[in-house]
Amino acid sequence: MSYDHQKIEAKWQERWAEAGTFEVEADPDRPKFYNLCMYPYPSGSLHQGHVRNYTFGDLLTRYNTMRGFNVLSPMGWDSFGLPAENAAISTRAHPRENTEAQINQMRDQIKRLGAMYDWRRELASHHPDYYRWDQWLFLQLFDQGLAYKAEAPVNWCPNDQTVLANEQVIDGHCERCGAEVIRRNLSQWFFRITDYAERLLDDIDKLDHWPDRVRTMQRNWIGRSEGARFTMQVADMDASFDVFTTRPDTIFGMTFAVVSPEHPVVETLVQGTDVEDEVRVYQQKAARISEVERLAEGDKTGVFTGRYAINPANQQRVPIYVADYVLMGYGTGAIMAVPGQDQRDWDFASKYGIDIIRTVEPPAGFEGEAYVGDGPAINSEFLDGLEMEAAKSRIIDWLEEQRVGRRETQYRLRDWLISRQRYWGCPIPIVSCPDCGYVPVPEDQLPVMLPDIQDYAPKGRSPLAALPEFVETICPACGGPAQRETDTMDTFVDSSWYFLRFTDARNDDRIFDPKDASYWMPVDQYIGGVEHAVLHLLYARFITKVLHDMGLAAVEEPFARLFTQGMITLGGAKMSKSKGNVVGPLELLASHGADALRLYHLFMGPPTDDTVWDQNGIDGTARFLDRVWRLVAGDVGEPTDREEDDADREILAEAHRAVRKVTEDIDRFAFNTAVPALMTFTNALTDYVRAGARRETFDRAVELLLLTLSPMAPHITHELWEMTGHSTLLASEPWPEWDPDLVEREVVTLVVQVNGKVRDRFEVDASIEAEEAERLALDSERIRQWIGEGEVQRVVSRPPRLVNIVVG
RNA sequence: GCCGGAGUGUUGGAAUUGGUAGACAAGGUGGACUCAAAAUCCAUUGCCCUCCAGGGCGUGCGGGUUCGAGUCCCGCCUCCGGCACCA
């Protein structure tokens, strides 16, 4: 008979809520553990990725609680954002109603997993209680010059009708909807994350409990290059432009210069000349083609401006070209071109018949392409003979002495574009006054409430702009007529500080109390998907540093340990609602129960790996739980009060080994091997009962099984704990210790190899000496046959595990 | 192209420090129980040779180090992820 999971799961979910075991307060006398799963977007229904996430999270919540930590485990909702708005457009219901209904539904489903949270701290980004602090935060950044509005070429998604941050453009396509992104010049709000580029990059070194993969991705994204910037004078006219290079040592090999089509100096260079028309046509063409096409590596095109620039190192005149392989968004938008040492410049020079001068001696026989490696400088006057690094330092010093250039570090990272032309987001608390400019909404007028509207459809500007009663206001500075900002904030702003709000979620007076934050922060364990490696995880680091600098957050890094779970795939694609390949957890909760589902997620493979969903697997973990149930309930056999014997000592040793294995495996996130340890132990315990169990031993073995299984399968273990006469709440019991003497094996298998192949095995005393082991091995009839006529040349002993006999 | 990571039975995977490859499951096969089925239990299940006993082969490919290599080194192949006309 299998157990009634429906009944006991509901029962214990209620009991845990009543007990309040997971409702916690800051307590400086107790060690804390802040355990956090990335708060979900309320899509309405859990998918397997959520289940996996919350199963890992809840395991750690329960485990660390049992280990005596004061564990903070909160839950909330990333509830602003496009999907709610798009749903509203099609259903005509208000996004708030939709969102809140979905939150309620998801909260219920999370509770049905048996995952425990301090629900008193629940938050949702779309609540004015929350987003007023988004706005407050925005104003702090504005005051510090870290939030600014500027016109710039930005990414525009024609489908979602809004701008996007660089991080939200994947291979030239919108991260959300996949539409091809185009460039538009628009005036937008930015956060000056580039001011923090260096710290964000350097501090990655401190994140030694983050996956290397994520650290590498962030390093790549921030992308530091060190080099020099110097000024090039245009010959025969009063104009100049700056270039940035990482290879200043190759300056004597410069045979042309290139400016990006968008570069402002182009106008000055060609105005009124006979190439003006040709250059303008080229500029227009470059502007028209999409980012995708432009980035596609291929034939390099460009136009000669008819002008020359002066190489400051040797006063040579070099032709200036306009070419779109130079990007306005990086460095200075202009380069010195050194075809001898750069393949792109080589390609361009070859096509347009420009001179190529090598300034680094390539290895013998190297020809036909640019040489980018190290070597002695040649054709470079005072640099000749120096290796690359030495030559770089020398030329930068020289440029500085000549006052034409300096050492400079460039970052690939761009400022974070945070305004969105959409409705369902946090209003930006700025008033635009014809006299005073951009004026912050005074703090006591926060929050700027998101008004209700009738028409959510995107029209290329924020739907709020169609609401005169929202837009028309008075300037807080001068009292004159003014207009509100109508864009809303990127939802990644909401999620960049929510973990701090959880430490003091009900505070109506401040964003959070620094005392609470300093007790709970940093998040000791953060769990979520790797897809946020350069989005949320970078923004959250940035905002935490800003709050640190303001004296609000004691920590500089928000997440001490990061765990990125693998994706669940089905039929070769990520399991997601949009792909229509979801196997819903709800049916499985009904058919197999939360414990079996949780156990399966733990069991099916390494938590960091992507996994293919296999519906059959869950039968295995459900069967295991049935076996545990029958064993503890006495269906296998009833123990008696007989005398203690070897079998009792052995099964207790097995129990302690299981405790050790589960503890060590949880500590190294090897949940997929912790579960089998308990399966193996349960099988051993079953055999022990069949052979005739002793009451006292059996009861202790079952206690250890239930204690260690409880963070993985909490409901069934709680029920059995109660059924076996315990009046305490299992979740509040201390995590068991193992006895180091008991776990050591007295008898082990000694493997005997001949020439490295296993030929015999013996059960031997674990304390066996090398001599004894060798004697045993050489006395074996089987081994003697394998040695045969051969001569024993060497015997390698690793007692008590192995003896290897080398025969010639 | 550069930077990460991975390749093990039919499948998911295990092997934590160089020491019994395939734990634990899933699936398959055979059996017990049953009028029958489900559930449960038992046996078996890497490939090849063999009546058995036993033997040979085997962790993507090719080399190497070692008494001994899934694990370390060198050179490849394939797949996954990131970055990429970033000067």
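Because the structure is predicted, anything quoted here is derived from the model rather than measured. Letters go in sequence order (proteins before strands), and every chain restarts at 1.
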- Could you tell me if the ring centre of A:Phe348 sits under 6.0 Å from that of A:Phe256?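 Yes, close enough.
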- Query: Does A:Tyr352 have its ring centroid less than 6.0 Å away from the ring centroid of A:Phe304?
  - Reply: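 Between A:Tyr352 and A:Phe304, the centre distance exceeds or equals 6.0 Å.
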- Of A:Arg668 and A:Asn683, whose nearest nucleotide on RNA chain B comes first from the 5' end?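 Whichever sits nearer the 5' end wins; that is A:Arg668.
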- Residue mapping more 5' on RNA chain B - nearest nucleotide basis, A:Arg690 or A:Leu802: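 Of the two residues, A:Leu802 wins.
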- Task: Would you check if the side chain of A:Gln218 reaches a backbone N or O of A:Ala533 as a donor-acceptor pair within less than 3.5 Å?
- Result: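 Indeed, once roles are kept as given, a pair shorter than 3.5 Å links the two residues.
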- Query: Is there a donor N/O on one and an acceptor N/O on the other, under 3.5 Å, for the side chain of A:Asn804 and the base of B:C67?
  - Reply: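 Result: at least one qualifying N/O pair found.
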- Query: What about A:Arg798, does its side chain sit under 3.5 Å from the base of B:G19 through a donor-acceptor pair?
  - Reply: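 Donor-acceptor pair under 3.5 Å: yes.
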- Which one is paired to B:U71, where only Watson-Crick or G-U wobble pairs with both distances under 3.5 angstrom count?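 Check on B:U71: unpaired, no WC or wobble geometry under 3.5 Å.
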Between [X] and [N], is there a side-chain N or O to OP1/OP2 distance below 4.0 Å?
X: A:Arg215; N: B:C3; result: no
X: A:Lys757; N: B:C57; result: yes
X: A:Arg794; N: B:C67; result: yes
X: A:Arg630; N: B:C41; result: yes
X: A:Arg627; N: B:A39; result: no
X: A:Thr673; N: B:A23; result: no

- Task: Indicate, with a heavy-atom threshold strictly under 4.0 Å, whether A:Asn672 touches base, sugar-phosphate, or nothing.
- Result: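 Result for A:Asn672 = sugar-phosphate.
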- Query: Looking across every strand, which nucleic acid part, if any, lies under 4.0 Å from A:Arg219 by heavy atom: base, sugar-phosphate, or nothing?
  - Reply: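 Here A:Arg219 touches no strand at all.
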- Proximity to the side chain of A:Asp324 - top-ranked nucleotide from B:A87, B:G56, B:C85: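 Closest of the options to the side chain of A:Asp324: B:C85.
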- Query: Counting side-chain heavy atoms from CB outward, which of B:A25, B:A87, B:A21 is closest to A:Met679?
  - Reply: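 Looking only at side-chain atoms, A:Met679 lies closest to B:A25.
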- How far does the C1' atom of B:G19 sit from the matching atom of B:A39, given to the nearest Å?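 So the two C1' atoms sit 44 Å from each other.
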- Message: Distance check needed: B:G82 P versus A:Asp610 CG, whole Å only.
- Response: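 Taking CG of A:Asp610 and P of B:G82, I get 11 Å after rounding.
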- Is B:G70 in the syn or the anti form, by the rule that syn lies within 90° of 0?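 Base orientation relative to the sugar is anti.
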- Message: Give me the atom names and distance for the closest heavy-atom approach of A:Asp610 to A:Met567.
- Response: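 Looking at all heavy atoms of both residues, the closest pair is OD1-N, 2.7 Å.
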